[in-house]
Amino acid sequence: MAHQAHAYHMVDPSPWPLTGAIAALLMTSGLAVWFHFHSTTLMILGTILLLLTMFQWWRDVVREGTFQGHHTPPVQKGLRYGMILFITSEVFFFLGFFWAFYHSSLAPTPELGGCWPPTGITTLDPFEVPLLNTAVLLASGVTVTWAHHSIMEGERKQAIQSLTLTIALGFYFTFLQAMEYYEAPFTIADGVYGSTFFVATGFHGLHVIIGSMFLAVCLLRQIHFHFTSEHHFGFEAAAWYWHFVDVVWLFLYISIYWWGS
Amino acid sequence: MNRHIFEIQKVALRSFSSSVRRQLDNKVPQKQKLFQVKNDGIPIHLKGGTADALLYRTTMALTILGTGYVVYELVKAAFPKK
């Protein structure tokens, strides 16, 4: 019987990278087909394939770590590096949209009236719902830290409660932001103001939803006894991601909502 | 005497908890046993049983059909009908 002479994880052959790649192909081509030929079938098929891939791939990671014990300290270190690098790439993604915002708002063109906010744009009051949203996300940062400490201290019930509260706050943010989008006196088509506002806050909102889903999976895993007080990297990764989402919002709030109003 | 008190406490806890919510048992050890069956050659994505195989086949079927469909649409888009 062969045993590996190292602490690393040589994964079983897996079909999910292929199905994921095809899903990306279908989603992107489907987008083009939707734009030109008004059919959404390809794009929807791609999205379904993406969801199936994500579910099965991450299910397999849980099996490999929690049920098979492959996540030794060196493997966990690699996973940490991976998550940090991924979040770094997301930081650069948002940096682009902030660049676009500052490019347009620091030197507003004559077409905008030479001022920022541009002529004719009624901005949102930064001290109303946006300030509430800031409080909601900051509070969720506290509750997720509470959850982490609860897990580390073996407090099962408290971990479940604080994690649930974090997710609830995330959903509350999304709900408030959706209401703001509906009630806003300007749209994405309202010049560069509209574009920078909705693309930057829109991608942020998408990341809030992704983060909430990640935390929800962690809640299910916590309920099912997957996490130990010493080993709960999945939760840590979700918490890192959540803090990142919170920090992006703070930059959005200061730049676009407050300075930009 | 102490054991008698302990038994009463256990019974009280049992009846209280069953009236509050259903208890979730820790099934991780069973899962660990299932997935640590060695030398069966089954890869992780199929090791859970029939449900795994069904989900895999559905996903792969959609992948292959999707690939065919996208090639068809792209060829169609590349040769526009006047």
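Numbers restart at 1 for each chain; the letters A, B, ... are given by sequence-line order, proteins then strands.
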Participant: Is the backbone of F35(B) close enough, under 3.5 Å, to the side chain of R63(A) for a donor and an acceptor to pair up by distance?
Facilitator: no
Participant: Which bit of I48(A) comes within less than 4.5 Å of chain B, counting heavy atoms only: side chain, backbone, both or neither?
Facilitator: side chain
Participant: Applying a heavy-atom distance below 4.5 Å, give me the residues of residues 25-44 of chain A that approach chain B, sorted by number.
Facilitator: L25(A), L26(A), S29(A), V33(A), F37(A), S39(A), T41(A), L42(A)
Participant: What do you reckon, is OH of Y172(A) surrounded by more than 12 foreign heavy atoms closer than 6.0 Å?
Facilitator: no
Participant: For P43(B) and P13(A), work out which heavy atoms get closest and say how close.
Facilitator: CB-O, 4.0 Å
Participant: Show the nearest heavy-atom pair for residues L24(B) and F225(A), with the distance to one decimal.
Facilitator: O-CE1, 3.4 Å
Participant: Once rounded to the nearest 0.5 Å, what's the spacing between atom CD1 of I22(A) and atom OG1 of T67(B)?
Facilitator: 3.5 Å
Participant: Start with the C-alpha distance between H224(A) and V28(B), add both sets of side-chain angles, then the distance that settles side chain to side chain contact (heavy atoms under 4.5 Å, CB included), and finish with yes or no.
Facilitator: CA-CA 8 Å; H224(A) 285 93; V28(B) 172; 5.9 Å; no
Participant: Over 60° means perpendicular and under 30° means parallel, so classify the ring planes of W16(A) and Y56(B), tilted if in between.
Facilitator: perpendicular
Participant: Quick one: are D52(B) and R59(A) in side-chain contact, heavy atoms under 4.5 Å?
Facilitator: yes
Participant: To the nearest 0.5 Å, how far apart are OG1 in T59(B) and CG in L52(A)?
Facilitator: 4.0 Å
Participant: For a 4.5 angstrom cut-off between non-hydrogen side-chain atoms, does Q68(A) reach K31(B)?
Facilitator: no
Participant: If you measure from CD on Q32(B) to OG1 on T66(A), what distance do you get to the nearest 0.5 Å?
Facilitator: 8.0 Å
Participant: Kindly check if the number of other-residue, nucleotide or ligand heavy atoms within 6.0 Å of OH (Y72(B)) is above 12?
Facilitator: no
Participant: Looking at every non-hydrogen atom in both residues, tell me the closest pair between D60(A) and H45(B) and how far apart they are.
Facilitator: OD2-CB, 3.1 Å
Participant: If you define the side chain from C-beta out and look only at heavy atoms, does anything of L55(B) sit under 4.5 Å from Q56(A)?
Facilitator: yes
